[in-house]
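The structure appears below as structure tokens.
FYI, side chains are in, hydrogens and waters are out, and symmetry mates aren't considered; it's all heavy atoms of this structure. Owing to the predicted nature of the structure, the values given are computational and were not obtained by experimental measurement. Counting starts at 1 for both ligands and their atoms, in listed order.
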Amino acid sequence: MKSSSSSRGDRRLSILSGHLAPRTIDKEGSGIFCSPTSAADSVFANVVRAPEDPILGVTIAYNKDPSPVKLNLGVGAYRTEEGKPLVLNVVRQAEKLLVNDRSRVKEYLPIVGLADFNKLSAKLILGADSLAILGNLVTTVQCLSGTGSLRVGAEFLARHYYQRTIYIPNPTWGNHGKIFTLAGLTVKTYRYYDPVTRGLNIQGLLEDLGSAPSGAIVLLHACAHNPTGVDPTLEQWEQIRRLIRSKSLLPFFDSAYQGFASGSLDEDARSVRMFVADGGECFIAQSYAKNMGLYGERVGALSIVCRTADVASRVESQLKLVIRPMYSNPPIHGASIVSTILKDRNLYQEWTLELKAMADRIITMRKQLFDALRARETPGDWSHIIKQIGMFTFTGLNTKQVTFMTREYHIYMTSDGRISMAGLSSRTVPHLADAIHAAVTTIA
Ligand code: PLA
């Protein structure tokens, strides 16, 4: 009795001294050094509150703001001119067909997903006439959108590839580093963006990849680079391709925006097709979140282009061993929507028109924002707004200016100054232009 109450006392004392001692919390909040506060009896009392995600956390902050003029330009999610999320017409049609088809069941898909979906996805990114597809050199597995495709590819590389280092652009989508690190790869960066020219630092890129160890993996954004909106020209892609092949580096394409950069699916796949045409190997992670507006359905695909059909089929057998213990097999609904659209001529045609309309609306927003800043004589050269492509503008606004815009104008964006052009409309452009003007004229 006595000993148990004194040990309880000891514990309380140690908790109290924990309160008083300085805390050590690691950056990601996974530290075990923090003392418990209110939930002292929980076995998780030492769990430290983690910070919100730098991109998805913007939406959480936005949702809490009661202001009627608030504007969410954080996450890259398409909105209509009315500021509403958009379900594509072709998606509604495909869903109707699926629901009315009584022969459809809800059985498990195979580990690698829906066979039709995989074939059609490879065709979409590599082209209908791709020799790699015709030669069965490509293995494609359905994954949980772009993120899941990257992660499965990363896990496969960590298990089966001799080089453990992956080079990602600086800057890049915030999740890239985490995905590859958690899979067990070593992440390094290569120079990509030049803040002075607000364009591509091709020289720095070539130098950094040129000094990468032979065989290193290189992450490339297939088009519409996130967050900068800066893509290499075709000539620059060719320079990058030659360097990558000459050093036997392994390209890993992240294709999250096919169709969103130019409005053309083929145009936006040119970088990938250039690398596949030379017969070398490569990885491609595809997402249907943006180009079909299937964000929450989590539909994507990982394709690995190999040198022989035999290697491709052995690679696929190993991908199954990666996937099965992670999530067993992927969900059926979203992939069925995609394959229904991709295999029907009319639906496919209608999709390309809807996609083009989304891309065009974004381009119009760029022009309107640029004009609005010019009309206000906002200091600075804002031509990058119309030069950059894809969903985002990398404005060049600094963290303080972003904080100011959120506080004073209720405009929400990531702290690196990235704005989602897809979240803007003709109605909200003046408000954003006022905010940018005020930010750059009042805060250095
Ligand atoms: N790759 C890149 C380059 C991306 O920008 C995103 C999404 C993904 C992959 C993953 O998308 P998915 O898993 O939904 O298919 N980037 C968003 C959303 C649009 C996010 O951060 O999750 C962004 O706002 O940057």
Give the contacting part of [X] toward ligand 1: side chain, backbone, both or neither, where contact means a heavy-atom distance below 4.0 Å.
X      : answer
Tyr257 : side chain
Met391 : neither
Thr147 : both
Asn226 : side chain
Glu297 : neither

Could you tell me how the ring of Phe156 sits relative to the ring of Phe283: parallel (under 30°), tilted (30 to 60°) or perpendicular (over 60°)? tilted
Could you tell me if Arg418 sits above the aromatic ring of Phe394, with its cationic atom closer than 6.0 Å to the ring centre and no more than 45 degrees from the axis? no
Face-on cation placement of Lys70 at Tyr62 ring, 6.0 Å and 45° thresholds: yes
Sub-3.5 Å N/O-N/O distance, Gly74 and ligand 1: no
Would you check whether Gly146 has a nitrogen or oxygen atom less than 3.5 angstrom from a nitrogen or oxygen atom of ligand 1? yes
Write down the atom of Ser248, the atom of Tyr161, and the distance for their closest heavy-atom approach. O-OH, 4.3 Å
Which atom pair, heavy atoms only, marks the closest approach of Ser121 to Ala301? CB-CB, 4.0 Å
What protein heavy atom lies closest to [atom]? Include the residue and the distance to one decimal.
atom                    : result
atom 3 (C) of ligand 1  : Asp254 OD2, 3.3 Å
atom 18 (C) of ligand 1 : Val75 CG2, 3.8 Å
atom 12 (P) of ligand 1 : Ser145 OG, 3.3 Å
atom 7 (C) of ligand 1  : Lys290 NZ, 3.1 Å
atom 14 (O) of ligand 1 : Arg298 NH1, 2.9 Å

[X] neighbourhood, listing ligand 1 atoms whose heavy-atom distance to it stays under 4.0 Å:
X      : value
Arg418 : 23 (C), 24 (O), 25 (O)
Ala289 : 14 (O), 15 (O)
Ser287 : 12 (P), 15 (O)

Output, in order, the C-alpha distance, side-chain angles, deciding distance and verdict of side-chain contact (heavy atoms from CB on, under 4.5 Å) for Gln368 and Ser426. CA-CA 7 Å; Gln368 289 189 7; Ser426 309; 3.3 Å; yes
Answer with yes or no whether the side chains of [Y] and [X] bring together a donor and an acceptor at under 3.5 Å.
X      : Y      : result
Thr406 : Thr403 : no
Ser328 : Arg324 : yes
Gln286 : Ser149 : no

Would Ser339 and Leu114 count as a side-chain contact (heavy atoms from CB on, under 4.5 Å) if you check the C-alpha gap in whole Å, the side-chain angles of each, and the deciding distance to 0.1 Å? CA-CA 9 Å; Ser339 56; Leu114 198 63; 3.5 Å; yes
For His225, is the nearest heavy atom under 4.0 Å from an atom of ligand 1? no
Partner of Tyr288 by ring pair (Phe, Tyr, Trp, His ring centres under 6.0 Å), out of Phe117, Tyr257, Tyr295: Phe117
Option set Trp173, Tyr295, Tyr78, criterion heavy-atom distance to atom 9 (C) of ligand 1, minimum: Trp173
